[in-house]
Visitor: 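Handing you this structure, nothing more for now.
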Amino acid sequence: MRTIEKQGEPACLADLRREAKRVETETGRPPKGDDWNPGACAASIREALHAEQGGLCAYCMGRIRPHGYRSELHRLGGMKIEHWQDRSTHPRHMYDWGNLLGVCGGEYRGAIGLIEHCDTSRKAQPLRVNPGTRAPPRPEELFAFKSTPPPTTSAKHPDVKHPGLWIHANDARMSRDIDLLNLNAKHLVSNRHAAIQQMRRALAKNQARGEASIRDLLRKKLTAATQPGPNGLPPFAPLIADYIRKKMRTKGMTPP
């Protein structure tokens, strides 16, 4: 996860809040989670979430697309609108912009069958860390990437010997969020590893061009991983940025 800088909400979201308030006032019935019905506003919500998140899932950092979700197993799969405070237990926040996140489909069909992750795995369970707020605790301070699994992972994922990058909680209390979101599912661990391998190949390719070329490449790659361009951020951007900053320090560079 990474901290998401929330931008302005779509104008139609305020209309949804007003309508929900009107219905509650007229009927005397408090809102329920299944009252969620963004209608035509859903497209604007998805587009705004996609833009402010750099085209990445708020939880696993995989690629999302700003159209209605079909299935991550389908090549045209889009994104889902996630309520950080689940609407079944916090229905009055269902149209609050600060409570909305863009997430992936949360499913992957592996050798052992369908694997759930992100909000699909989490269900309605509460999370401690909200990537959509700047208030502490923030993801960058709480999670780290390592080449070995967390101590509690092997029981849940017996095949932990494959190359990969695992998410660890710097605060033991945050391990529950990792488990609820299943962020150390095998395909996510492998995909993070592949992203770093791609970065290593790019650096090796520039090795013959000299130290100045390597330093310039590191600066460019760090900018691409932290500042969304026309195509957003690269998948697993926080991991890539963390790797690049470590490389820069080994070369006596001061990361911005």
Side-chain angles (χ1 to χ4, degrees), residues 1-27 29-70 72 77-106 118-120 122-142 177 180-181 225-235 237-238:
M1 283 186 269
R2 62 185 283 270
T3 300
I4 297 167
E5 304 291 345
K6 297 294 287 184
Q7 307 297 320
E9 68 177 27
C12 58
L13 193 60
D15 295 335
L16 290 174
R17 285 196 298 273
R18 283 191 289 269
E19 177 62 13
K21 185 64 176 178
R22 181 192 67 79
V23 171
E24 181 180 1
T25 300
E26 292 183 0
T27 64
R29 181 183 69 83
K32 296 181 179 179
D34 54 13
D35 292 335
W36 168 253
N37 182 23
C41 189
S44 296
I45 294 173
R46 284 194 295 268
E47 289 169 4
L49 291 172
H50 182 270
E52 72 181 12
Q53 293 175 198
L56 302 183
C57 172
Y59 295 142
C60 74
M61 299 284 99
R63 175 69 63 210
I64 56 176
R65 297 178 178 84
H67 56 76
Y69 175 70
R70 297 183 184 181
E72 191 170 315
M79 60 180 280
K80 295 190 289 184
I81 300 171
E82 158 78 333
H83 293 78
W84 186 76
Q85 284 190 316
D86 186 82
R87 56 189 169 87
S88 65
T89 50
H90 297 86
R92 282 194 169 88
H93 296 304
M94 73 173 75
Y95 295 123
D96 289 352
W97 184 238
N99 193 44
L100 302 183
L101 300 169
V103 297
C104 66
C118 296
D119 80 305
T120 305
R122 169 226 175 158
K123 310 294 190 234
Q125 295 295 311
L127 298 171
R128 286 180 176 270
V129 184
N130 182 358
T133 177
R134 293 183 60 85
R138 301 178 69 183
E140 293 86 350
E141 303 163 355
L142 297 171
D177 279 26
L180 284 176
L181 296 168
T226 55
Q227 301 177 23
N231 297 318
L233 293 167

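Predicted model, so just to flag it, every value in this text is computed and none were measured. Atoms considered below: every heavy atom in the structure, side chains included; atoms not considered: hydrogens, waters and symmetry mates.
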Visitor: Checking Glu82 against Tyr59 for the side chain to side chain donor-acceptor pair (under 3.5 Å) test, could you report, in this order, the C-alpha distance in whole Å, the side-chain angles of both residues, the deciding distance, and whether it holds?
Guide: CA-CA 10 Å; Glu82 158 78 333; Tyr59 295 142; 2.8 Å; yes
Visitor: How far apart are the C-alpha atoms of Asp35 and Glu24, what are their side-chain angles, what is the distance that settles it, and do they pass the side-chain contact (heavy atoms from CB on, under 4.5 Å) test?
Guide: CA-CA 11 Å; Asp35 292 335; Glu24 181 180 1; over 6 Å; no
Visitor: Could you state the interatomic distance from CG (Asn37) to CG (Leu16), rounded to the nearest 0.5 Å?
Guide: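 Asn37 CG to Leu16 CG: 8.0 Å, rounded to 0.5 Å.
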Visitor: As an exercise, state the distance from CE of Met1 to CD of Glu140, rounded to the nearest 0.5 Å.
Guide: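 That separation rounds to 10.0 Å.
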Visitor: Whether the side chain of Trp84 engages the backbone of Val129 through a donor-acceptor N/O pair (distance < 3.5 Å, no angle test) should be reported.
Guide: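 Yes: the side chain of Trp84 pairs with the backbone of Val129.
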Visitor: Between the main-chain N or O of Tyr95 and the side-chain N or O of Arg17, is there a donor-acceptor pair closer than 3.5 Å?
Guide: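 The answer is yes, because a donor-acceptor pair under 3.5 Å joins these two groups.
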Visitor: For Pro38 versus Ile45, what's the shortest heavy-atom pair and its separation?
Guide: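 Minimum heavy-atom contact is CB-CD1, 4.2 Å.
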Visitor: Would you confirm whether Lys6, through its side chain, and Glu52, through its main-chain N or O, come within 3.5 Å as a donor-acceptor pair?
Guide: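 Flag not set: sc Lys6 to bb Glu52 has no pair under 3.5 Å.
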Visitor: To the nearest 0.5 angstrom, please state how far the CG atom of Leu100 sits from the CG atom of Leu13.
Guide: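 Reported value, rounded in 0.5 Å steps: 6.0 Å.
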Visitor: How long is the gap from SG on Cys41 to CD1 on Ile81, to the nearest 0.5 Å?
Guide: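 Spacing of SG (Cys41) from CD1 (Ile81) equals 8.0 Å.
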Visitor: Please confirm whether the backbone N or O of Gly105 pairs with a side-chain atom of Thr120, one donor and one acceptor, at under 3.5 Å?
Guide: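 Here the side-chain-to-backbone pair exists.
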Visitor: Does any part of the side chain of His90, heavy atoms only, come nearer than 4.5 Å to the side chain of Asn99, both counted from C-beta?
Guide: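 Answer no - side chains too far apart.
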Visitor: Could you tell me whether a side-chain N or O of Gln85 sits under 3.5 Å from a main-chain N or O of His93, the two making a donor and an acceptor?
Guide: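 No; zero donor-acceptor contacts below 3.5 Å.
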Visitor: Pick one: which of Arg122, Met79, Lys80 meets side-chain contact (heavy atoms from CB on, under 4.5 Å) with Val103?
Guide: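 When Arg122, Met79, Lys80 are each tested with Val103, the side-chain contact (heavy atoms from CB on, under 4.5 Å) holds only for Lys80.
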Visitor: Taking all heavy atoms of Gly132 and all of Asn130, pick out the closest pair and write down the distance.
Guide: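 Closest pair (atom of Gly132, atom of Asn130, distance): N-OD1, 2.8 Å.
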Visitor: About how many Å separate CZ of Arg87 and CG of Asp34, when rounded to the nearest 0.5 Å?
Guide: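 One finds 7.5 Å between CG of Asp34 and CZ of Arg87.
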Visitor: Which atoms form the tightest heavy-atom contact between Pro31 and Arg92, and what is the distance?
Guide: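 Closest approach of Pro31 to Arg92, heavy atoms only: CG-CG, 3.5 Å.
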Visitor: With Glu141, which residues qualify under salt bridge (charged side-chain N to carboxylate O under 4.0 Å, His left out), at least two apart?
Guide: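 Scan of Glu141 (salt bridge (charged side-chain N to carboxylate O under 4.0 Å, His left out), adjacent residues dropped) gives none.
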Visitor: Please report the closest heavy-atom contact between Ser88 and Ala124, naming both atoms and the distance.
Guide: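 Heavy-atom minimum between the residues: OG-CB, 4.0 Å.
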Visitor: What I'd like to find out is whether the side chain of Asp119 reaches to under 4.5 Å of the side chain of Leu101, using heavy atoms alone.
Guide: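 SC-SC contact between Asp119 and Leu101 ruled out.
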Visitor: Search all heavy atoms of Ala58 against all heavy atoms of Ile4 and return the closest pair with its distance.
Guide: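 That would be CB-CD1, 3.8 Å.
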Visitor: CZ/Arg63 to CG/Asn231 distance, rounded to the nearest 0.5 angstrom?
Guide: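 Interatomic distance, Arg63 CZ to Asn231 CG, rounded to 0.5 Å: 7.5 Å.
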Visitor: Should the SG-SG distance of Cys104 and Cys118 be recorded as below 2.5 Å?
Guide: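 Between Cys118 and Cys104 there is no disulfide, given that their SG atoms are not under 2.5 Å apart.
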Visitor: The criterion is salt bridge (charged side-chain N to carboxylate O under 4.0 Å, His left out); which residues satisfy it with Asp96, sequence neighbours excluded?
Guide: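 Residues passing salt bridge (charged side-chain N to carboxylate O under 4.0 Å, His left out) with Asp96: none at all.
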Visitor: Under 4.0 Å between a Lys/Arg side-chain N and an Asp/Glu carboxylate O for Asp15 and Arg18?
Guide: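 Answer for the salt bridge query: yes.
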Visitor: So which heavy atom on Thr3 is nearest to which on Pro139, and how close?
Guide: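 So the two residues come closest at OG1-CD, 3.6 Å.
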Visitor: Taking the side chain from Arg65 and the backbone from Gly78, do they hold a donor-acceptor pair closer than 3.5 Å?
Guide: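 No; zero donor-acceptor contacts below 3.5 Å.
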Visitor: Is a donor on one side and an acceptor on the other found under 3.5 Å between the side chain of Trp97 and the backbone of Gln7?
Guide: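 Between the backbone of Gln7 and the side chain of Trp97 there is a qualifying donor-acceptor contact (under 3.5 Å).
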Visitor: Tell me, do Asp86 and Pro126 make a side-chain contact under 4.5 Å, heavy atoms counted?
Guide: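 No; the side chains remain at least 4.5 Å from each other.
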Visitor: Side-chain contact, heavy-atom cut-off 4.5 Å: Leu142 with Asp177?
Guide: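 When only atoms from C-beta onward are counted, Asp177 and Leu142 do not touch, as no gap falls below 4.5 Å.
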